[in-house]
Amino acid sequence: MQTATDLRNLLARIDRKGYPAYKDTKGAYQFPDYVLSIDHVQGDPFAAPSKVSIHVRGSAAAFPPSLYRTPVQRIALQDALTRRFARQAEAVSFRAKGSGHSGQISVSRCGQEVLERTACCLDPTHGDLCLRLEVGFPAQGRTIQARELEKILFDFLPQCIHATLFYRNLDSKQLQAVADLAEDQQYIRDALPQMGLCAFVANGSILPRASGVSARSMKNGVAFQSPPELAVTLDLPHRGQITGMGIPTGITLIVGGGYHGKSTLLEALELGVYNHITGDGREYVITEDTAMKIRAEDGRSIRRTDISQWISNLPNGKDTTAFSTEDASGSTSQAANVVESMEAGASLLLIDEDTSATNFMVRDALMQRVIHRDMEPITPFIDRIQALYRDQGISTILVAGSSGAYFHVADRIIQMDRYLPRDITVRAKQEALAFPPDGTAPKSTGLPNLDRRPKASPEFRRGDRWKLKALGRDGVSIQRETIDLRYVEQLTDSEQTAALGYCVLYAQRHLLDGKKTLRQVVDELDRLIQQRTLAGLCEGQSGIPFLARPRRQEIFACFNRYRGLNL
Ligand code: ADP
Ligand code: MG
């Protein structure tokens, strides 16, 4: 391997040459206590910055294995190191000068959730660390400023690396707290099924966010307090006893006046499938991890999905056992979202009346009298909500502000009252007696026909050129086909969206064969990520992109919205 001195000499040779001479720097260099690898060199100072990775041996990094004994602890540690490196990098970014991205030093921007990312990986066997970053190689116009790059690689970066990747330079108490929190969060997650719960919200949690554009916790938000009827206490391995609201499996209705905090609670539950960082306010809001938010999504595409349990006898005679459309209505899109969640193995559905199609949720008695059942293709959700739980074990947490129809079918009713939950099950059920159910006919619910076996599209044959463009959090474009993920609400990070793009690409090139079902394809992707980390998705790439791990559920959601899927 070349040495740091070789790199210094090389930089001296290419100083003031044309930008392409930077390509010669590609390679790995042994520094005193780590290896610096230049994996991809940008084409010009305005192009996406170059990709650099840092590799530290476990013996040198010396993080105690107690910090990464379990996978969740390891992910939390990687996350903490990424955040720390990001803060260090911010202080020196753009200190080296030049045009365009010259001097930029950056890593992933982590949000409130703790996610597994390509940015930082710790190998659990030996404790070896790999940190990936982007560096804008400096130039004046297109003339190489090698002295500036020297400052970055021999001065700024070593500072950041030493402050982040060597245990002796870190606050050990703080890191232990990170690992302990992760273990406590996992303990709650594992305890949910044994306690017959689908979610837990600790007393003292702060659920509201600072603003519509900031995911940080609201200052002076009203702290959550469980109603006594639903209070449960757990004994966490590190924090000890913690009490909060346990939501049992089954059907839970959340009601209350407008602006009393219903949607805020539901949104916290949606993201409770992830662990949150210290100080977030939702550290101990933990939801059953297959939970899926279900909403209407007008305009989405649906590919051969069996929605016949919800919608049948369409006036145009269209088959709904393998329903396809390029432009779904509110009710068909919501029906597809339910069916696809079942395919993805969800055992909890989260629904907010505000983002639902009314005709999918309920039909009142008067409407049923005027428009006879035979003339209505839609079986509303209320007719099957009980069977979903009884026959398939799928629970629902439903926010309803305006319709009382669900009082009859709910197992428990929580009222949000000035941001605090109250259990009003007994009183609400009493009141409901005076309002007979809307003559709905509860139905049993079988599994939809999930036998979809996509084929690869011809343009992805091995060796062909392909194009993938991440469009932030909201979507990804593959061979100019945009997959719109705006309404996949539990997707929380643009790097997850990018990873979904790579999942589709990988599947197109290796997995889709017309024989494997979509479920088998997603299982294989999940296994691949498990065994080879996210980097395993990016074959043939020079420099691994910044990716964050999506759940299985979102991988399904992405394939289901992919108009280029050959079915
Ligand atoms: P609803 O769905 O019941 O109409 P929201 O959940 O949208 O109400 O909340 C309304 C407003 O109240 C939002 O601006 C939200 O940020 C704020 N809010 C929600 N929960 C709290 C809380 N615990 N403390 C303070 N403000 C809150
Ligand atoms: Mg609301």
Side-chain angles (χ1 to χ4, degrees), residues 111-113 199-228 230-231 242-247 251-274 276-287 291-298 330 334 337 348-362 381-382 396-407 410 412-425 427-428 486-490 492:
Q112 299 298 105
E113 287 78 30
F200 175 81
V201 184
N203 291 345
S205 296
I206 299 294
L207 308 187
R209 301 295 94 194
S211 75
V213 293
S214 167
R216 295 184 183 214
S217 75
M218 178 188 273
K219 284 204 182 73
N220 309 320
V222 176
F224 191 87
Q225 183 67 39
S226 171
L230 294 173
I242 189 168
T243 300
M245 180 171 82
I247 302 182
I251 300 168
T252 303
L253 196 60
I254 300 171
V255 299
Y259 228 67
H260 278 257
K262 303 183 296 297
S263 299
T264 302
L265 171 58
L266 194 77
E267 282 157 20
L269 294 173
E270 288 165 26
L271 290 176
V273 299
Y274 301 110
H276 288 88
I277 54 169
T278 302
D280 173 82
R282 298 168 297 183
E283 292 94 316
Y284 303 101
V285 178
I286 303 286
T287 308
M292 278 298 265
K293 173 70 178 288
I294 301 292
R295 57 168 292 162
E297 196 179 340
D298 302 41
Q334 197 160 355
N337 286 345
L348 172 62
L349 307 180
L350 303 169
I351 305 181
D352 195 331
E353 187 187 71
D354 290 353
T355 50
S356 291
T358 310
N359 60 347
F360 180 74
M361 297 307 292
V362 285
F381 190 71
I382 192 167
T396 301
I397 300 176
L398 172 69
V399 166
S402 64
S403 164
Y406 280 87
F407 281 138
R412 75 204 57 82
I413 301 157
I414 297 168
Q415 179 189 355
M416 290 307 287
D417 181 0
R418 278 159 286 190
Y419 312 129
L420 290 173
R422 292 202 287 136
D423 185 333
I424 59 161
T425 312
R427 186 170 65 82
R486 260 177 303 171
Y487 299 115
V488 180
E489 293 181 341
Q490 289 161 292
T492 183

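Both counts, for ligands and for their atoms, begin at 1 and track the order of listing.
With hydrogens and angles ignored, the 3.5 Å screen pairs no side-chain donor or acceptor of K293 with any backbone N or O of Q490. In this structure a side-chain-to-backbone donor-acceptor pair under 3.5 Å is missing from H276 to E113. Side-chain atoms of T287 come within 3.5 Å of backbone N or O of L269 as a donor-acceptor pair. With Y487 contributing its side chain and A296 its backbone, the two residues share no donor-acceptor pair below 3.5 Å. Side-chain atoms of N337 do not come within 3.5 Å of backbone N or O of I294 as any donor-acceptor pair. Panel note: side chain E353, backbone G401; a donor-acceptor pair is recorded below 3.5 Å. A distance-only check finds a donor-acceptor pair linking the side chain of T425 to the backbone of I413 [under 3.5 Å].
S263 and D352 are linked by a side-chain donor-acceptor pair at a separation below 3.5 angstrom, with hydrogens and angles left out of the test. Side-chain atoms of T252 and R412 form a donor-acceptor pair, as typed in the model, at a separation below 3.5 Å.
Taking a cut-off of 2.8 Å, the protein N, O or S atoms nearer than that to the Mg ion (ligand 2) are S263 OG, D354 OD2.
Contacts of ligand 1 (protein heavy-atom distance under 4.0 Å) are P208, M218, G221, V222, G257, G258, Y259, H260, G261, K262, S263, T264, Y419.
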